[in-house]
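A quick note: this is a predicted structure, and the numbers were derived from the prediction, not measured.
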Amino acid sequence: MAQMNFGGVMENVITREEFPLEKAREILKDETIAVLGYGVQGPGQACNLRDNGFNVIVGQREGKTYDKAVADGWVPGETLFSIEEAAQRGTIVCMLLSDAAQIAVWPTIKPYLTAGKALYFSHGFGITYKERTHIIPPADIDVIMVAPKGSGTSLRTMFLEGRGLNSSYAVYQDATGRATDRTLAFGIGIGSGYLFETTFKREVYSDLTGERGSLMGAIQGLLLAQYEVLRENGHTPSEAFNETVEELTQSLMPLFAKNGMDWMYANCSTTAQRGALDWMGPFHDAIKPVMQKLYESVKSGNEAQISIDSNSQPDYREKLNAELKALRESEMWQTAVTVRKLRPENN
C-alpha cells in the first residue's frame, strides 16, 4: 500500500506495481466468480476478469441482455446460467444488477450465500440503505466492494487499450479474514488503474451526489441554461451549441483532463482568463447551496427512497422513456446530432 499526496492530504492507494496481476490470480485461484447481471457494469468486469485468467461465470435472465452475453462468448450451461444457478455455483457472488433488480432478486439468491462466500458490489446503495432495500447479508460471509469510477463500457475500453479505470474499494464485513485480499485481487483483476479506500456509505453518498451533480444533472442544467440564453439573444443553434458544448467537450475537456483547470487558466487568452477568474466566484456561490441541498438529500436517504419508489411503479419504464425522449428531441441535443456528423473524423 502506497501513501500518495492528494492536494496536501495523504491517502493510501493500491497500485498494480505493488499488487501485480499474478498476486491477484494466486489469491483468487480457487474462487468461482459469479457475475449476476450483464447490463451496465457486468460485461466490462466479467470480460476483463475472464481475459485476465480468472474463473468467471455469468448469471442472467433470458432476453436481449442474455443474447448479448452469448455474443460476448459466454456459453449457456458452461459459463452462462440463470441468476439462481450462478449464485449457487459462485464463491464470490457479484451483485451487478441495477439497484431495483438487486432488491427484487435478493430473497431468491440469499439462500445461496453460504458460509465463507463473498458478496460483492460495485455500488454501496443496497447495503447503505439496507433498511429500505432489505438487503441484509448473512453474518458468515464477506461483503466487499470495488467501484470503478466510470461506466462499464469505459472499464472495458480502457482495459483493451492497456489502460485502467481508477476504482474505490471497501470491506463492509470480513467473516473469513480474507475479505481485504479478495477485494484488492478483484480490483486488480477487473483492470483498475489504482485503488483507493472508501466505505460503502461514503461511496454511495459521493456517487449519488456526483450523478446528480457535476457528472450529469448539474452539467446538463448548466449547458442548457447557457444554450437557452444564447438562443434567446439571437444566436443560431449551431453557434449556441458550439460555444456551449462542442468547444468544451472537444477542445477544452481533453486539455484540462490532462493538465488541470489551473493549467487551462494559465494558458488561455487574457480576456478569457480575466472573465473566468471574475465569474467563477458568482457561479460557485450560486451553485454551492444547491449542492449542499443535494448532499443532504442523499445523506438522509431521500434520494434513495425516490429511486426505490419510482422504480417500483408499473408504468416507470414508460414514464422514463418519455422523459428521455424529450431530452433526446430537445433542440440542443438535436443540434448535437448534426454537429457530430460535421466533425472531420466523420467526413
Checklist outcome for this item: Exactly one of T338, T335, V339, N242 clears side chain to side chain contact (heavy atoms under 4.5 Å, CB included) with P237, and that residue is T335
Checklist entry - Is I141 reachable from Y172 through a run of hydrophobic residues whose side-chain heavy atoms are each under 4.5 Å from the next? => result yes
Checklist entry - With side chains defined as the heavy atoms from C-beta onward, is the minimum distance between L223 and V245 less than 4.5 Å? => result yes
Item to check | Within 45° cone and under 6.0 Å: K23 NZ/CZ vs F19 ring | outcome: yes
Checklist entry - Do R61 and E84 touch side chain to side chain, with heavy atoms closer than 4.5 Å? => result yes
Item to check | Atom OH of Y265 with >12 non-hydrogen neighbours under 6.0 angstrom | outcome: yes
Item to check | Any side-chain heavy-atom pair of V93 and Y112 under 4.5 Å | outcome: no
Checklist entry - How many angstroms lie between CG in L327 and CD in E329, if you round to the nearest 0.5 Å? => result 10.0 Å
Next on the checklist: For the backbone of L195 and the side chain of S192, can you confirm whether one donor and one acceptor N or O come within less than 3.5 Å of each other?
Outcome noted: no
Checklist entry - Are any side-chain N or O atoms of Q226 and backbone N or O atoms of L222, one a donor and one an acceptor, separated by less than 3.5 Å? => result no
Checklist entry - Could you give the distance from CD (E246) to OG (S238), rounded to the nearest 0.5 Å? => result 9.0 Å
Next on the checklist: Test side chain to side chain contact (heavy atoms under 4.5 Å, CB included) on L208 and Y295; report intermediate values, then the result.
Outcome noted: CA-CA 8 Å; L208 293 187; Y295 190 83; over 6 Å; no
Checklist entry - Under 4.0 Å between a Lys/Arg side-chain N and an Asp/Glu carboxylate O for K149 and E203? => result yes
Item to check | Salt bridge D72-R50, side-chain N to carboxylate O under 4.0 Å | outcome: no
Item to check | More than 12 heavy atoms of other groups within 6.0 Å of R343 CZ | outcome: yes
Checklist entry - When you look at W74 and Y66, which way does the side-chain hydrogen bond (donor to acceptor under 3.5 Å, both in side chains) test go after all the steps? => result CA-CA 9 Å; W74 303 97; Y66 185 94; over 6 Å; no
Checklist entry - Do the side chains of C94 and Q41 get nearer than 4.5 Å, heavy atoms only? => result no
Item to check | Lys/Arg N to Asp/Glu carboxylate O, R231 vs E331, below 4.0 Å | outcome: yes
Item to check | Shortest non-hydrogen contact from G124 toward M145 | outcome: N-SD, 3.7 Å
Checklist entry - How long is the span from the CG atom in D309 to the OH atom in Y316, to the nearest 0.5 Å? => result 12.0 Å
Next on the checklist: Taking the side chain as everything from C-beta on, heavy atoms only, tell me whether P137 gets closer than 4.5 Å to I127.
Outcome noted: yes
Checklist entry - For the residue pair F241 and W333, does the interplanar ring angle fall in the parallel (under 30°), tilted (30 to 60°) or perpendicular (over 60°) class? => result perpendicular
Checklist entry - How far does NZ of K110 sit from CG of L119, to the nearest 0.5 angstrom? => result 11.0 Å
Item to check | Expected output: side-chain Q45 to main-chain G152 donor-acceptor under 3.5 Å | outcome: no
Checklist entry - Taking it one step at a time, do E18 and T15 satisfy side-chain hydrogen bond (donor to acceptor under 3.5 Å, both in side chains)? => result CA-CA 6 Å; E18 61 189 308; T15 67; 3.3 Å; yes
Next on the checklist: Salt bridge or not between R182 and D142? Use side-chain N to carboxylate O under 4.0 Å.
Outcome noted: yes
Next on the checklist: If you define the side chain from C-beta out and look only at heavy atoms, does anything of F256 sit under 4.5 Å from L248?
Outcome noted: yes
Next on the checklist: Is there a path of hydrophobic side-chain contacts, each under 4.5 Å between heavy atoms, that joins F121 and V35?
Outcome noted: no
Checklist entry - Sub-3.5 Å donor-acceptor pair from the side chain of R25 to the main-chain atoms of N52, do we have one? => result yes
Checklist entry - Distance-only, no hydrogens or angles: does the T183 side chain make a donor-acceptor pair with backbone N or O of I144 under 3.5 Å? => result no
Next on the checklist: Please determine whether a side-chain nitrogen of the Lys or Arg among R178 and E31 lies less than 4.0 Å from a carboxylate oxygen of the Asp or Glu.
Outcome noted: yes
Next on the checklist: If you define the side chain from C-beta out and look only at heavy atoms, does anything of I109 sit under 4.5 Å from Q88?
Outcome noted: no
Checklist entry - Got a second to check how far E296's CD is from T209's OG1, nearest 0.5 Å? => result 9.5 Å
Next on the checklist: Could you check whether atom CD of E318 has more than 12 heavy atoms from other residues, nucleotides or ligands sitting under 6.0 Å from it?
Outcome noted: no
Item to check | For D140 against A115, the heavy-atom pair lying closest together | outcome: OD2-CB, 3.3 Å
Item to check | Heavy-atom closest pair, residues G189 and L49 | outcome: C-CD2, 3.6 Å
Item to check | Test log, rule side chain to side chain contact (heavy atoms under 4.5 Å, CB included), inputs N12 and Q3 | outcome: CA-CA 5 Å; N12 293 324; Q3 277 232 317; 3.2 Å; yes
Checklist entry - Which is it for K117 and I92 under the side chain to side chain contact (heavy atoms under 4.5 Å, CB included) test, yes or no, and what are the steps along the way? => result CA-CA 6 Å; K117 287 193 177 187; I92 299 179; over 6 Å; no
Next on the checklist: Using only atom types and a distance under 3.5 Å, with no angle test, would you say the side chain of Q250 pairs donor to acceptor with the backbone of E247?
Outcome noted: no
Checklist entry - Is the closest side-chain heavy-atom distance between L97 and V105 below 4.5 Å? => result yes
Checklist entry - Are I33 and V146 connected, step by step, through hydrophobic side chains (Ile, Leu, Val, Met, Phe, Trp, Tyr) whose heavy atoms are closer than 4.5 Å? => result yes
Next on the checklist: Give me the atom names and distance for the closest heavy-atom approach of G44 to R156.
Outcome noted: CA-CB, 4.0 Å
Next on the checklist: Quick check: F186 with Y120 (ring centres under 6.0 Å apart)?
Outcome noted: yes
Checklist entry - Is there a donor-acceptor contact under 3.5 Å from the side chain of S310 to the main chain of S307? => result yes
Next on the checklist: Looking at S122 and A147, would you say the former's side chain and the latter's main chain have a donor-acceptor pair under 3.5 Å?
Outcome noted: no
Checklist entry - Got a salt bridge between E323 and K319, using NZ or NE/NH1/NH2 to carboxylate O under 4.0 Å? => result no
Next on the checklist: Could you check whether any side-chain N or O of S154 sits under 3.5 Å from a backbone N or O of G150, counting only pairs where one atom can act as donor and the other as acceptor?
Outcome noted: no
Item to check | Where G90 and A34 come nearest, the two heavy atoms and their spacing | outcome: CA-CB, 3.8 Å
Item to check | side chain to side chain contact (heavy atoms under 4.5 Å, CB included) between I57 and F81, intermediate numbers included | outcome: CA-CA 8 Å; I57 61 174; F81 303 93; 3.9 Å; yes
Checklist entry - Can F196 be reached from L155 by stepping across I, L, V, M, F, W or Y side chains whose heavy atoms are under 4.5 Å apart? => result no
Checklist entry - Quick one: CD on Q60 to OH on Y38, what's the gap to the nearest 0.5 Å? => result 10.0 Å
Next on the checklist: For residues L36 and L113: do they belong to one hydrophobic cluster (side chain heavy atoms under 4.5 Å, members Ile, Leu, Val, Met, Phe, Trp, Tyr)?
Outcome noted: yes
Next on the checklist: Give me the atom names and distance for the closest heavy-atom approach of Q102 to G126.
Outcome noted: OE1-CA, 4.5 Å
Item to check | Side-chain (N166) to main-chain (Y194) donor-acceptor, under 3.5 angstrom | outcome: yes
Checklist entry - Does E345 come within less than 4.0 Å of R340, counting only side-chain N to carboxylate O? => result no
